[in-house]
Structures are given as structure tokens and as C-alpha cells.
Amino acid sequence: MKILVVTFILLFYNCTVFAECKNYKNLAFSYGGNKDTIYVVPLADNVVRIIKSSGKVHNIPEMVYVEGKLPKYKVKKTSDKDVITLDDMMIEIVDGKIRFLSSDGKLLLSESESMIKTSQVQNEKTYISTQSFHSPSDEHFYGLGQFQDNNLDVRGLTRRLTQVNTQISIPFLMSNKGYGLLWNNYGLTDFNPASEFIALKRLEGEGRATTVNVTSTTGGVTEIRHSNIFTAELDIKESGRYALMLDVGSSMARRHNLSVDDSVVIDMNNLWLPPTSSVIVHLEKGRHVLKSELTKEDSPKVYYRKVDNTTVFSSPVSNGIDYTFFAGTPDDVISSYRVLTGGSPMMPVWALGYIHCRERFHSQQEILDVANRFRNDSLPVDMIVQDWQYWGKYGWNAMRFDEEYYPDPAALTDSLHAMDMKFMLSIWSKIDPASALGKKFGEKGYYIDNTQWVDFFNPEAAAFYWNNMRDSLVNRYDIDALWLDATEPENDDLRDRRVCGGRYPGEVFRNAYPLVVNKTVYEGIRRDSGNKRAMLFTRCAFPGMQRYGVATWSGDVGNDWETFRRQIVAGLGISVAGLPWWTYDAGGFFRPQQQYTDDSYRQRFVRWLQTSVFLPLMRVHGYMTDTEFWNYGDEVVRLSRKSLSLRYSLMPYIYSSAADVSFNGSTIMRPLVMDFPEDQTALSLKYQYMFGHSLMVAPVVEPDIKSMKVYLPHSKGGWYDFNSGRYVSDGGWHNAAVTIEEIPVYVRAGSIIPLTPGLENTSSLASSNLEIRIYKGADGEFRLYEDEGDNYNYENDKYGEINMKWDDSAKELILENRRGSFEGMCNSRNIKAVMISSDGVVERNLHYDGKKTVVNFNL
């Protein structure tokens, strides 16, 4: 353990963002007998970075933070502590430990123990770095990224943060106590690591055999998988709540299953799963029998740790302890996080409409046939997606279309554009070494050794990759969006390998591969593709990636109800960790054989789709599936049309919320901690969430139900049913009627919701007529944002805003003077204003020409 010696000096600490050197003024303290150092780095009025170093072992670049204006601070030394004061927080160093306080002196977080221990990685020196924090029993934590274990509140949970298909690790925590915490490490990180474990032994005899069709990095394959039973006995010395982490012992799992004394505590089946899964259970003192049914090749261990009042981050490969503390409300924290790690650019407006995908289209003609039917049937859609293997005979990711099936890709994109439809293309970070392009990469040494993954940590390899993609696909065929698949990379392939042309052990950057892949492509588009607004869709992520215009999805998941529930929790976990753009494969990726005629599946599909209306992005996808709605029968088409129409009617609300993300660092998909951090019931809910600041979404996550309990936190003026307009209550539990037509959605009183009817794509959004709904009961405000939708002119102030205010006591809606302008802006439009109250509905029609307009709803 390192103990602080109170020696204070002022210095400059050099850090780099890739090749760019930056100087940060710091407070530095030497401590311990070896004169180790703590750097206290103020980054903003409410943010400070803490670095504890025993000396660098790898001179790694700064990849997460961007340059910003440094805050002012004051330093005061007393007999027992050092105090650093910023405008919105204070830092105290007392007896060798750091305490973080609000500006009014309220304790927010305090360190407990620190450890920096010498270790090795690939025969090179490194450090195991561990930092523990005090966490009171009434604290709730959210974040860490996208996980499949169905835990939204992660306080006390043990998790291993690795990047694999269906799991995205973001070492960022949000507390309900008024702060956030980012652990700065590019490699593997353990959250609340358990020092004790027990290995499970396989019982003799072969288990059940199952034949499955799966995706892989070489395409679709058929596998026969055998299951076996593994058992162990666990001795617990003290009764209490225990965090258990099942590690199957394989790079990817096929099943997570764990029983304690015949009580199932973990049970997940999917064709791809992360190697670990976690749960918290109560265990009495004494002996317990553990049992797992897993695949034959697994070698499982169960790690266990008694939950206590500490929260711990630990990294086995590091230069020391490095973390950043953010003070404030959840919105303050994420806004500051985006300022320091890069803001999220505006998504193209068409990316927020419906995205249609399947695994996979087999030809150019198939794509055009489906696109034409969408338009002929008046089913709203904005983008159609070509998944993998269009390269055909040329080899994996050869960056060319097989002309036997895609004879004229330029004509394909032209035809889609003529239908006001965009085209997304799947691109991988691996290239077949036997392909013509792959041979060039091999000759230049641009692969990560003994893999087919491109070494994006090598700037020359990254530039060569982008130049080929640009010239062969993106600019040549005017591709609108790119699907960067498998950016983990799959199978945790950086372990035991070198990166950056052999300069670093792969473990140093084990979780950061998606960051450099998306950086390469985004910066290439911004530099070489004119003013076209980038949209990157990727399967993995890392802190700071939001600045590259990325959206993520939850990977190759199943379709059952439990999987559906887990995806909602997974999306909330990554959203609260600072990455705003997320979705899932609506309907699930792996689907049942009889999906088109199975009524139980069709019901699930409808619920997946209805919930996706209220996700940051709305998208359908499915393996070995023609995912078009008409394949599932007329009733599914009718219900799907209703969901699509609702999504498009909400587009002014959604696009304005997107502007709030880009301009103010906001979050669209919001776990309830973001709006109700004091409400203990709200903090315990996993499946309800806010969509923007006004809509409470309550997905239907069970089959065949006629009603469900919904919790509405107390809010001034209460809540309305969005679907019916009926006033519900001012808060508390509510029994919601459930039909197949829709899912329960509620609106806070005081909300202003702009809608637009009848859209089939987003191309006419900025010129469409508006309906503005006002929900009486509290004052409200909404800023309607509009721009050209597909370029970066907004960065040069080419956009329009209409600030709307609701004066509840006067029953007046005020549309203020429009601010700003852009090419093609609609200077005047017809608006229907609708006041909704417990007494009924009052409508007013008006014409708005950009000048202040007051609408009175008094009778």
C-alpha cells in the first residue's frame, strides 16, 4: 500500500493525444518511500483527474481526452490536509487519501485503499493497479457499458470488463450521490475483483448434443455442441450478500448457467455470450453446492466476494492508478465527460428514421425489390443495409462487390437515393490474407501478428485501410453509412500479441481497439468525403468514441423474452456511461425456425419493435431471415406500420433531442437515475426508462398479459398516458392496461412534444407541418431544432431553433422568434397546438412565420 507524504510541488505533466503533445498544469505530491507521485489534474470546474504513478513502463498515447480550457483553482494547506478548490467542487488530501466534496462541502466520494504492484506482460514490466473507494449502503451505481447479466444497479457486483460480441466495456460509473467516475485504462479492467475462486469439476459422461447454425468471422457455420455438468462445493465463512462471477474459461461462451443449492441464479443461452456473467446472492454461513451445465470444452470457475461498502477498480496492465472524478447531476456529469473526451456530432436525420436490415441480402436486385416494396406499400423507412459477404469470390472484406450478384453498385445507390433511401454497407476490421487486398496488407506488415485483424494502432496501417475503403467503396459508390462489424476484435485477439507494428503488448490496449478503428474511418470521412455527415454503426466501443459519430448495438443476441429484457438493461448501461447512440436487433438476431408462422414469436417481435420506437435508433435485423414485415402476415404488418408511423411522428422531438445530445451533452435513453436520483423505487427499476426528458417508456416484457404495474415517480403536475392523452396520476404505482396495439408510454406534465404526421422518410421533416402537444400541470420549455440534416453546416451556425415555452397558470404557449437559418429552411408553417389536461383537449390552429407568437388556451 502507498501512503502519501505531504510534499507539494507545482509542475507540468505532459500527456499526448496520439501525436499531439499537451501541457496540463497539475498539483503533484510525492508519497511513499520510493517517492512515488500523485498528480491532481483539474480538467474543468467540476472535474479532476487523479494519477498515481510509480514510473512509466509503457509510453502510451492519450487516446480518450481532448484539449480544453483549463479551470482556475486554489490551493490551501493546513496542518492535517491539503485542499484544492474549484468552482464546483473541492478535493482534500487527508492522511494519504483523497476526498471529493461538492462546492458547499458535502462529501461525495472518498478513497480507501490504493495499490500499485509490479508485474509482467509478455516479459515486459507493468503494474497491477487497484483503487478502492468507500461506498455507503444506500448508494446506487449505473454504467460500465453494455452487459448481458441483466444488472442495471452494479453496486457490489463483480464484473470483468472485456470486449466481446454482445458485451461492450466502458469503465465509467454514475452514482446517485452526485458524481461520476471514469477509470482511465486501455486494457482489461476488473470491477470489484474477487480474490477468491473455486474451480468446478466436470462430471464423467458426455452431455446433450445440440446442432446449431452460428455466425463466425469466416461466415455462417454449423456446429455440434455438447453440454456437460460441472460441480463444486463452496464453503462460506460468514453469512451475507455475495457477488458471484461465473467464468466459463473460454474466450466466448455458449451458455451461462449456475445453481447454488439447486436454486438457479444464472441461466442464459445464446450462440454467442461473453466469457463471464455476474450475480449477487445471499448465502448463509456453511457449505453450498454449485452446479453448472455448460459446453464440454469449458473449464469454469466461480469467483466470489462478500459485498461490502467499497467499490474497486483494478487493472492488471497499467502505468499506475489513473481515474477521473466528475461532480454534479447525471446530466452535468455526462455533459462534462463529453466536453473533456469529445462531443457527439449530430447524427444524420435519416439515421434516426427506420433502418431496415437482414442477414443478408444476396444481390443488388434483392435490395431494390425490397426497397421498392417498402415505398409501394407506404411503409416508412430511411435506410436499407447490406450485411456481410457481398464480396463473394474476392475474399473476406476484400472491399469490392462480387459483380455476379452486384453488377452495378453505383446504380444501386443511385436508385436508392432516387427513392429517398440511404444505403449502409458492412465493413470489417479483418481482411482475408489470401485476397488481393489482404496480400498487400501482409506484405506491408499491417496485420496484428498471427491474425487477420488490421493493426489500427499503427498509423500507416490505419491510413492504408482507409485509403482503400475510400477509393474502392465509400467515395466510389457514394455509400451513405458504414457498419463497422466485429470491432472488438472477436475472440479477445489482442492477448499475447503485439500491436503498433510490434511496439506494444496487445494487453496494453486490449479494450481500445474499437476506438482506433472508428477514429480511422470517421476522420477519413471528414477529411476526404466532402461535407457528408458521417454515420458509423459499430459492435463495440470505448470512452471517447462518441466524438466519432458512432452508434452501437447489442450484438448477436437471441429472441426470447429474457433476452429482450436483458437488452433494455444493456442499453441503459451503455447510455449512462456516456455513449448516446444505441439500439438492438429488433426481433433478435438468432430467431426460431418457424418464425414466420409462430404466433408466440410474432408477439415477441411486435414487442421488440414497439420498444425500438423509443430507442435512440430503430432497426430490425435477423440471422438467416427475410426480416421484412410482410413475411410475418397482415397483422404484423398492421402493427409494424403503427410503430413506424409513431416513430416518424415523433421525429421533431427525436431530432431536437439529438441536437441536445450534440450541443449540450445530453442523453436520449435515460435510466431513471438521471431524472429521479432521490427516488429509491425509481432507482430499483430495470426496464422503465425516460426517452428524452419528457417520455417515460414502460416496455411490455412478458407474453400474453392484459395489465402491468408501472411506477411513475412523483413529478409536478403528474403524468399523462401518451397513447390516450388521459391524465393518470401525480405519481406512484399505476395499473396499466395492456393490448397488442402499443406499449405504455407516459408524459410528464409541463412537457411540450412537437409531432409531425404522415412522414414516410425524413427528407421533408424540416418543411412539414407541426402538431405541438402541451401537457398541462406545470410550466415547460422545449427547443425545436432544425438543420439540413445531412452535412456539417450546423458547425458553422447554419441551423434554426424555435424556443417554445408553456406558462401553465396563464394557459399560454409562447413560440419565440426563430433563431438562425439554413439553406432550405421553411420560413413559415401551419401548426396545430393542442393543450391536453385532465379536463380534456383544447386545440388552436395558427400560422408561424418565425416571429414571436402567443397562443392562449383560455376558453
Side-chain angles (χ1 to χ4, degrees), residues 347-392 399-427 469-485 521 525 529-537 549 551 553 583 586 617-622 625-631 640-641 644 647-648 651 759-766 788-791 824:
M347 273 284 159
V349 65
W350 41 261
L352 308 184
Y354 172 60
I355 302 170
H356 184 70
C357 188
R358 61 148 99 152
E359 192 288 312
R360 56 190 160 91
F361 290 106
H362 298 83
S363 70
Q364 177 174 332
Q365 192 58 49
E366 269 192 357
I367 294 173
L368 292 174
D369 288 346
V370 167
N372 275 297
R373 180 154 182 187
F374 265 95
R375 288 291 180 246
N376 292 337
D377 289 358
S378 297
L379 285 166
V381 63
D382 260 276
M383 181 155 58
I384 199 161
V385 183
Q386 172 66 60
D387 200 351
W388 60 357
Q389 301 196 57
Y390 56 88
W391 45 74
M399 297 192 189
R400 63 185 302 183
F401 288 89
D402 186 337
E403 61 274 3
E404 182 178 352
Y405 304 102
Y406 301 86
D408 193 344
L412 169 61
T413 54
D414 287 346
S415 297
L416 292 173
H417 292 163
M419 288 186 265
D420 282 326
M421 202 175 297
K422 303 298 181 179
F423 185 49
M424 175 185 280
L425 187 67
S426 172
I427 301 289
M469 185 196 297
R470 176 197 62 205
D471 296 340
S472 300
L473 294 173
V474 178
N475 288 1
R476 182 177 183 182
Y477 300 126
D478 196 16
I479 305 297
D480 300 291
L482 294 170
W483 177 359
L484 305 181
D485 208 346
V521 178
I525 291 171
S529 295
N531 197 27
K532 177 189 292 187
R533 199 179 294 182
M535 193 270 178
L536 305 183
F537 194 55
W553 91 103
T583 191
L617 301 181
M618 183 183 188
R619 169 178 172 269
V620 162
H621 190 38
T625 299
D626 293 345
T627 56
E628 295 75 42
F629 306 116
W630 50 83
N631 294 313
S640 299
R641 185 187 302 277
L644 293 172
R647 175 75 178 193
Y648 278 83
M651 199 55 64
L759 293 182
E760 292 184 16
N761 62 79
T762 59
S763 62
S764 60
L765 175 63
E788 294 168 73
D790 60 357
N791 58 43

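Along the sequence shown, the residues carry numbers beginning at 1.
Under the 6.0 Å distance and 45° angle rule, R373 counts as a cation-pi partner of W630.
Side chain of R476 to backbone of M469: no donor-acceptor contact under 3.5 angstrom is found. Side chain of D402 to main chain of E404: a donor-acceptor pair is present (N/O by atom type, distance under 3.5 Å, no hydrogens or angles).
Considering only heavy atoms from C-beta on, I355 stays 4.5 Å or farther from F537 through its side chain.
Y477 and F423 have their aromatic ring centers separated by at least 6.0 angstrom. Aromatic ring centres of H362 and Y405 lie farther apart than the 6.0 Å criterion allows.
The aromatic rings of Y406 and Y390 sit perpendicular, their planes meeting at an angle over 60°, well past the 30° parallel limit.
Between R358 and E628 there is a salt bridge, since at least one side-chain N of the basic residue sits less than 4.0 Å from a carboxylate O of the acidic one. One finds a salt bridge joining D478 and K532 here, because a Lys/Arg side-chain nitrogen approaches an Asp/Glu carboxylate oxygen to under 4.0 Å.
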Apply the test side chain to side chain contact (heavy atoms under 4.5 Å, CB included) to residues T762 and L352: give CA-CA distance (whole Å), side-chain angles for both, the deciding distance (0.1 Å), then the verdict. CA-CA 8 Å; T762 59; L352 308 184; 6.0 Å; no
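Just one of V385, V370, L368, D626 meets the side chain to side chain contact (heavy atoms under 4.5 Å, CB included) condition when paired with F361; it is V370.
Between E359 and W388, the side chains place a donor N or O and an acceptor N or O closer than 3.5 Å (distance only, hydrogens not considered).
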